[in-house]
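One structure is given here, and the rest of the page talks about it.
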Amino acid sequence: MKKFFLTLCAATLLIAGCGEKITYKHVDYDEARQVLAENPDTIILDVRSAEEFEEKHVPNAKFLALEELQEKNFTSLPDKNQSILIYCWTGKRAQEAAKILVDNGYKNIYEMDRLSDWTGKLEGTEINAGYKKISQEEAMKLLAENPNAKLLDCRFPKDYEMRHIPNAIHFPLEAAVGDNFEKIPNKDDILITYCGDGNRGNLTAKVLAEKGYKNVYTMGGIIDWKGEVEGTDVNE
């Protein structure tokens, strides 16, 4: 116990450049579980968007978007002495939310590790969808570590010809809907879909999961891609 609270004290953050101490504490997931064990009434607070929360969240988490806190809407958090564990996807929104609560008199605020590193159980519509949304960095790691992993471009042929990620297989949404799986015969392979803005990639991933593919991921759109691309318009 003593060691745990010393660790929390050591994790107290400072505002850079001015030395002003703020009283929320960063905790990793093991420390967060200890807070929950010692304080059963602790609130787990998800400060992402409603759409993100619906897709996946920590079990029993309460949803309160960062924007609501920025507008000083604290009606769902009436007890300023209650312990509150805050998280988001990358940590940035959780840190901002923690500071807002501390600045408004909340006394027991903890900012947890980012949800993208969470290894425990999750709930939400995406969890039962049969596929998983991942970042482009996570997709590249999967491709590098798994020789059987395939990157699927789910756009129309003309879009693929103009610009696509190197080594991506052209597998449009229409092929999945039409049961044309010649390019991806092995249902155990890791498949990562993408498209222009994420929509067709998500729909293709959903169809693949429904058709029995076991390791399906979607990484969003090429519009956000910062790596190398190929195609007829790349050098124009």
Side-chain angles (χ1 to χ4, degrees), residues 46 48-57 88-93 114-236:
D46 188 316
R48 300 172 298 150
S49 68
E51 180 181 5
E52 290 174 294
F53 179 82
E54 184 178 350
E55 287 179 346
K56 59 182 168 186
H57 57 266
C88 66
W89 185 248
T90 65
K92 184 176 180 181
R93 283 175 286 182
R114 58 190 187 181
L115 184 61
S116 57
D117 292 331
W118 176 261
T119 57
K121 184 179 178 182
L122 290 171
E123 297 176 344
T125 57
E126 181 185 310
I127 306 305
N128 298 319
Y131 67 94
K132 181 180 179 181
K133 290 185 179 180
I134 57 175
S135 68
Q136 293 183 351
E137 291 77 13
E138 291 171 321
M140 293 303 98
K141 184 177 180 182
L142 276 174
L143 289 164
E145 295 177 351
N146 299 275
N148 68 331
K150 294 178 175 62
L151 187 61
L152 306 181
D153 188 312
C154 305
R155 298 172 298 155
F156 294 107
K158 65 177 182 179
D159 296 319
Y160 176 82
E161 291 171 7
M162 291 174 64
R163 183 184 296 262
H164 59 267
I165 298 172
N167 300 315
I169 298 170
H170 183 232
F171 185 81
L173 170 62
E174 291 75 14
V177 173
D179 289 339
N180 182 3
F181 303 115
E182 182 179 349
K183 293 181 179 179
I184 49 171
N186 191 343
K187 291 190 175 182
D188 292 319
D189 282 351
I190 293 174
L191 304 176
I192 305 169
T193 67
Y194 78 89
C195 60
D197 60 5
N199 187 48
R200 286 173 65 87
N202 293 344
L203 291 173
T204 304
K206 183 175 184 294
V207 174
L208 289 173
E210 291 172 349
K211 295 294 183 178
Y213 286 84
K214 299 179 179 65
N215 299 293
V216 183
Y217 302 84
T218 185
M219 70 170 194
I222 196 172
I223 190 171
D224 299 318
W225 181 254
K226 296 179 175 61
E228 183 181 354
V229 293
E230 298 175 342
T232 56
D233 75 340
V234 173
N235 297 320
E236 291 183 0

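Because only heavy atoms are used, hydrogens play no part in the values below, and waters and symmetry mates are left out as well, while side chains stay in. Keep in mind that this is a model prediction, so the values were computed, not measured.
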Would you find a donor on one side and an acceptor on the other, under 3.5 Å apart, between the side chain of Asp153 and the backbone of Arg155?
yes
What ring pair (Phe, Tyr, Trp, His ring centres under 6.0 Å) pairs are there with at least one residue in residues 143-177, not counting sequence neighbours?
Tyr160-His164, Tyr160-His170
Within this structure, what is the CG-CD distance for the pair Asp233 and Glu161, rounded to the nearest 0.5 Å?
11.0 Å
With a 4.0 Å cut-off on N to O distance, would you call Arg48 and Glu55 a salt bridge?
no
Could you work out, with side-chain hydrogen bond (donor to acceptor under 3.5 Å, both in side chains) as the rule, every residue matching Ser116, not counting sequence neighbours?
Arg114
Between atom CG of Asp46 and atom NZ of Lys56, what is the distance when rounded to the nearest 0.5 Å?
11.5 Å
I need the minimum non-hydrogen distance between Asn148 and Asp188, along with the two atoms involved.
ND2-O, 4.0 Å
Minimal non-hydrogen separation, Glu138 against Ser135, with atom names
OE1-N, 2.7 Å
Over all atoms of both residues, closest heavy-atom pair of Lys211 and Lys187:
O-NZ, 2.7 Å
Classify the side-chain pair Thr218/Thr193 by whether it contains a donor and acceptor separated by less than 3.5 Å.
yes
So which atom in Ala209 and which in Val216 form the shortest heavy-atom distance, rounded to 0.1 Å?
N-CG2, 4.3 Å
Show, in sequence, the C-alpha distance, side-chain angles and deciding distance for Tyr213 and Phe181, and conclude whether the ring-ring contact (aromatic ring centres under 6.0 Å, His included) test is met.
CA-CA 11 Å; Tyr213 286 84; Phe181 303 115; 5.5 Å; yes
Without swapping roles, check the side chain of Trp89 against the backbone of Lys92 for a donor-acceptor pair under 3.5 Å.
no
Quick one: does Tyr131's side chain get under 4.5 Å of Lys214's, heavy atoms only?
no
For atom NZ of Lys132, is the number of surrounding heavy atoms from other residues, nucleotides or ligands below 6.0 Å larger than 12?
no
Separation between CD of Glu145 and CD1 of Ile190, rounded to the nearest 0.5 Å
9.0 Å
Check this for me: Glu174, atom CD, are more than 12 non-hydrogen atoms of other residues, nucleotides or ligands nearer than 6.0 Å?
yes
Do the non-hydrogen side-chain atoms of Leu152 and Leu208 ever get within less than 4.5 Å of each other?
yes
How many angstroms lie between CG in Leu142 and CG in Leu191, if you round to the nearest 0.5 Å?
11.0 Å
Before accepting this row, confirm whether a basic side-chain N of the pair Glu210/Lys206 lies closer than 4.0 Å to the acidic partner's carboxylate O.
yes
Can you confirm whether Met162 is buried at CE, in the sense that more than 12 heavy atoms of other residues, nucleotides or ligands lie under 6.0 Å from that atom?
no
For Ala176 and Thr204 the tightest heavy-atom approach is CB-CG2, 4.1 Å
Nearest 0.5 Å, please: how far is CZ in Arg163 from CD1 in Ile222?
7.0 Å
Test salt bridge (Lys or Arg N to Asp or Glu O under 4.0 Å) on Glu52 and Arg93; report intermediate values, then the result.
CA-CA 13 Å; Glu52 290 174 294; Arg93 283 175 286 182; 2.9 Å; yes
SG (Cys154) and CG (Asn199) are apart, to the nearest 0.5 Å, by 11.0 Å
Give me the atom names and distance for the closest heavy-atom approach of Leu143 to Ala149.
CD2-CB, 3.8 Å
